[in-house]
Amino acid sequence: MTENEGTAPRDFIRAAIEEDLKTGRFGGRVHTRFPPEPNGYLHIGHAKAICIDYGIAEDYGGKYNLRFDDTNPAKEEVEYAQSIIDDIRWLGFDVGEHNIFYASDYFEQMYQWAEVLIKKGLAYVDDLSPDEMREYRGTLTEPGKNSPYRDRSVEENLDLFGRMRAGEFPEESRVLRAKIDMASPNINLRDPVMYRILHREHYRTGDKWHIYPMYDWAHGLEDSIEGVTHSLCDLGYEDHRPLYDWFLDALGIYHPQQLEFARLNVTYTVLSKRFLLRLVNEGHVRGWDDPRMPTLRGLKRRGYTPESIVDFCDRIGIAKANSVVDIALLEHCIREELNERAPRAMAVLEPLKVIITNYPEDQVEYFDIPNHPQKPEMGTRQVPFSRVVYIEQEDFMEKPAPKYFRLAPGREVRLAGAYYITCVDVVKDAAGDIVELHCTYDPESRGGATPDGRKVKGTIHWVSAAHALDTEVRMYDYLFTKEDPGDVPEGQDFMANLNPESLVIMAGAKVEPGLAGTKPGDRYQFMRKGYFCTDPDTTEEKLVFNLTVSLRDSWAKAQQQ
RNA sequence: UGGGGCGUGGCCAAGCUGGUAAGGCAAUGGACUUUGAAUCCAUGUAUCGCACGUUCGAGUCGUGCCGCCCCAGCCA
């Protein structure tokens, strides 16, 4: 289903693929792969890569693989592999036995091919130490020089390489190198290492191997074996492409096309594996799934839907220019979706007690309130109302600011879906802090409208004190205070920009009783506040909600100016 | 000072074989509103990095320059 017929391709990669389709370069096939190393958790940057790799394959009716590039036993673990599979499935892509592959399954084939190159005089065993090798490599501006071991005979190379595999030599004593050009202006071509000796237990192959292939040598072979047509990767691999091509050509095997695009950067966030690891290890967040983390697990716990993340990835586009996407776009994507899907509920984050003095002591009324103002099909719910209710502290101002149209002494506002109330008294404690409000209600305004048709400008949310559920609401903000977390004074790193208020816990929040029984992952719009989701920390005794994203707040914005 | 890339409004980003600048986000104004939300209208700003050149005409071609990013792991 080539749905792009007749329309211009959306990006340069699709353009290249359409060109290949037109010329029949790969026999009309489109086959991509997402090749993570199982040594960490996936984040939003990976989501972009996945959406590109898999989204493009889907667009052209092609196939896509998940391939674990597990060529370094020193840093890989099964746990990571499983989490990666889970995260990709969560995003909505189809990965399973039929399209999950492991580079480690190709080790034998790779070894055979290495022997082929040795026989062709295109690879040799080098005994230089790592330090010597660095010296021989030259610099960016000076050419390197040939290793004294470069011209060993094919027989000797074959013998040595075989013994490397057999585990006869210690780590760092020898490597297998491609014989290309030590004077190449592209440093990657200065006789790159193909295999290094590692006496490590591999999480899948165990102790079978003592040598492991390097990325440059392995990657093209993996793509070739799987029949990948377009090997999409980030800009960092641009100057590795000549090497990718060189190995495949030297072997004369099926040759996919590597194409590079810019990786994702987002304002107020850091995406490097190393930095993310520090946030976790140094305890700045609770773990990889902390709702402030840009990991897919973090976003999930935060309440982001996979659809919103895919939508985000679609909107940011694909190009080769390094760029930083405004996090506001991600927030827009989740708001747009949750506005559609999330049932509304009332929650008072910072309660202020309101006593409705003319409301009967023991009376309780139930109001039928819509779950979605624009979607009657989402139904209604019964919300109890009684003499004492909580409203948001910020919805009352003793001395109202200009244009403030919430509650204030002598002012009338609407309690959403219930009654109009007028503030008649402000009760303070010895310290002068407001402890409660006395209001009167207009029985005629039942349901939130009045027969005389008078208008109230303000509508605020509320919750019946006697019926409210105690809850903890976790309010999140960006982890960093600067758009560019890396923008720090000399000698400091991004930790200097950590936002001390990235998590603020509203421990005394009250929510309407209808939320009892909510399950982790459930999403709601807490009216006038934002979108929230139930956290896994929720127990029978205490509900816990996470702020996914606040509602846009033009009042707050106006106040700031 | 080697090589590889990139440079279009505040942020992303289209712009095919040159014909006179899409779209989204953000921002702003207004309408509507029992969420100051949503929705709906409206709005702006682009020396298309700079300079020459080719051309009737260049973001699109050429030359030169400037700026930014990446590469010297037996990591991926």
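Letters A, B, ... mirror the listed sequences (proteins, then strands); counts begin at 1. Here the structure is a predicted model, which is why all the values come from computation and not from measurement.
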Margin query: Is there a side-chain contact between A:Arg196 and the phosphate of B:C75, meaning an N or O under 4.0 Å from OP1 or OP2?
Written below: yes
Notebook entry, point to check: Within the structure, does a side-chain N or O atom of A:Arg134 lie under 4.0 Å from either OP1 or OP2 of B:G73?
Noted result: yes
Next item on the list: Rounded off to whole Å, could you give me the CG-to-P distance for the A:Asp131 and B:G73 pair?
Entry: 10 Å
Please write out the pairs of protein N or O atoms and N or O atoms of nucleotides 35-39 of chain B separated by less than 3.5 Å, giving the distance to one decimal.
{"from": "B:U35", "atom 1": "O2", "to": "A:Gln525", "atom 2": "OE1", "distance (Å)": "2.8"}
{"from": "B:U35", "atom 1": "O2", "to": "A:Arg528", "atom 2": "N", "distance (Å)": "2.9"}
{"from": "B:U35", "atom 1": "N3", "to": "A:Gln525", "atom 2": "OE1", "distance (Å)": "2.5"}
{"from": "B:U35", "atom 1": "O4", "to": "A:Arg344", "atom 2": "NH1", "distance (Å)": "2.3"}
{"from": "B:G36", "atom 1": "OP1", "to": "A:Arg528", "atom 2": "NH1", "distance (Å)": "3.1"}
{"from": "B:G36", "atom 1": "O2'", "to": "A:Ser554", "atom 2": "OG", "distance (Å)": "2.2"}
{"from": "B:G36", "atom 1": "N7", "to": "A:Arg406", "atom 2": "NH1", "distance (Å)": "2.2"}
{"from": "B:G36", "atom 1": "O6", "to": "A:Phe405", "atom 2": "N", "distance (Å)": "3.1"}
{"from": "B:G36", "atom 1": "N1", "to": "A:Lys403", "atom 2": "O", "distance (Å)": "2.9"}
{"from": "B:G36", "atom 1": "N2", "to": "A:Lys403", "atom 2": "O", "distance (Å)": "3.1"}
{"from": "B:A37", "atom 1": "OP1", "to": "A:Ser554", "atom 2": "OG", "distance (Å)": "3.1"}
{"from": "B:A37", "atom 1": "N1", "to": "A:Gln374", "atom 2": "NE2", "distance (Å)": "3.2"}
{"from": "B:A38", "atom 1": "O2'", "to": "A:Asn339", "atom 2": "ND2", "distance (Å)": "2.8"}

Check: Using purine N1 to pyrimidine N3 plus N6-O4 or O6-N4 for Watson-Crick, or N1-O2 and O6-N3 for G-U wobble, each under 3.5 Å, what pairs with B:G23?
Finding: B:C12
Notebook entry, point to check: Does the side chain of A:Glu260 reach to within under 4.5 Å of the side chain of A:Lys320, using non-hydrogen atoms?
Noted result: yes
Margin query: Using atom P in both nucleotides, what's the gap between B:C6 and B:C74 to the nearest angstrom?
Written below: 28 Å
Next item on the list: Choose from B:A26, B:C74, B:C6 the nucleotide whose nearest atom is closest to any side-chain atom of A:Ala321.
Entry: B:C6
Margin query: Work out how far the P atom of B:U54 is from that of B:G59, and round it to whole angstrom.
Written below: 16 Å
Note to self: So if I take every side-chain heavy atom of A:Tyr237 and compare against B:G2, B:C25, B:A76, which nucleotide ends up nearest?
What the structure shows: B:A76
Checklist line | Distance, C1' atom - from B:C61 to B:C25, rounded to whole angstrom | finding: 33 Å
Item checked: Test log, rule side chain to side chain donor-acceptor pair (under 3.5 Å), inputs A:Tyr244 and A:Asp223 -> CA-CA 10 Å; A:Tyr244 182 99; A:Asp223 288 339; 2.7 Å; yes
Checklist line | Value in whole Å for how far the P atom of B:C12 lies from CG of A:Asp311 | finding: 19 Å
Note to self: Using the C1' atom as the point on both nucleotides, what is the distance between B:G24 and B:U47, in whole Å?
What the structure shows: 25 Å
Item checked: Distance between C1' atoms of B:C56 and B:U63 (Å, rounded) -> 22 Å
Margin query: For the residue pair A:Arg67 and A:Phe34, would you count it as a cation-pi contact if the rule is NZ or CZ under 6.0 angstrom from the ring centre and within 45 degrees of the ring axis?
Written below: no
Item checked: Integer angstrom distance from the C1' of B:U28 to that of B:G44 -> 8 Å
Item checked: Any side-chain heavy-atom pair of A:Tyr111 and A:Tyr106 under 4.5 Å -> no
Item checked: Flag side-chain contact, heavy atom, 4.5 Å: A:Leu42 against A:Ser83 -> no
Note to self: Below the 4.0 Å mark, does B:U33 have OP1 or OP2 next to a side-chain nitrogen or oxygen of A:Lys455?
What the structure shows: no
Checklist line | Selected nucleotide, minimal atom distance to A:Thr141 side chain, candidates B:C74, B:G2, B:C71 | finding: B:G2
Notebook entry, point to check: Is any side-chain N of the basic residue among A:Arg344 and A:Glu512 closer than 4.0 Å to the acidic one's carboxylate O?
Noted result: no
Next item on the list: Please confirm whether A:Tyr102 and A:Phe68 have ring centers closer than 6.0 angstrom.
Entry: yes
Notebook entry, point to check: Roughly how far apart, to the nearest Å, are B:G19 and B:U1 at atom C1'?
Noted result: 42 Å
Check: Contact class for A:Thr139 (heavy atom, under 4.0 Å): base, sugar-phosphate, or nothing?
Finding: base
Check: Where is the tightest heavy-atom contact between A:Val193 and A:Arg196, given as atom of each residue plus distance?
Finding: CG1-N, 4.5 Å
Note to self: Under 4.0 Å from OP1 or OP2 of B:C12: is there any side-chain N or O of A:Arg10 that close?
What the structure shows: no
Check: Which label fits B:G73, syn or anti, where anti is any glycosidic angle not within 90° of 0?
Finding: syn
Check: Which value, in whole Å, describes the distance between the C1' atoms of nucleotides B:A13 and B:A22?
Finding: 9 Å
Margin query: Is the phosphate of B:C11 approached by A:Thr267 (side-chain N or O, under 4.0 Å from OP1 or OP2)?
Written below: no
Next item on the list: Identify which nucleotide among B:A72, B:A76, B:C6 has an atom closest to any side-chain atom of A:Lys320, counting heavy atoms from C-beta outward.
Entry: B:C6
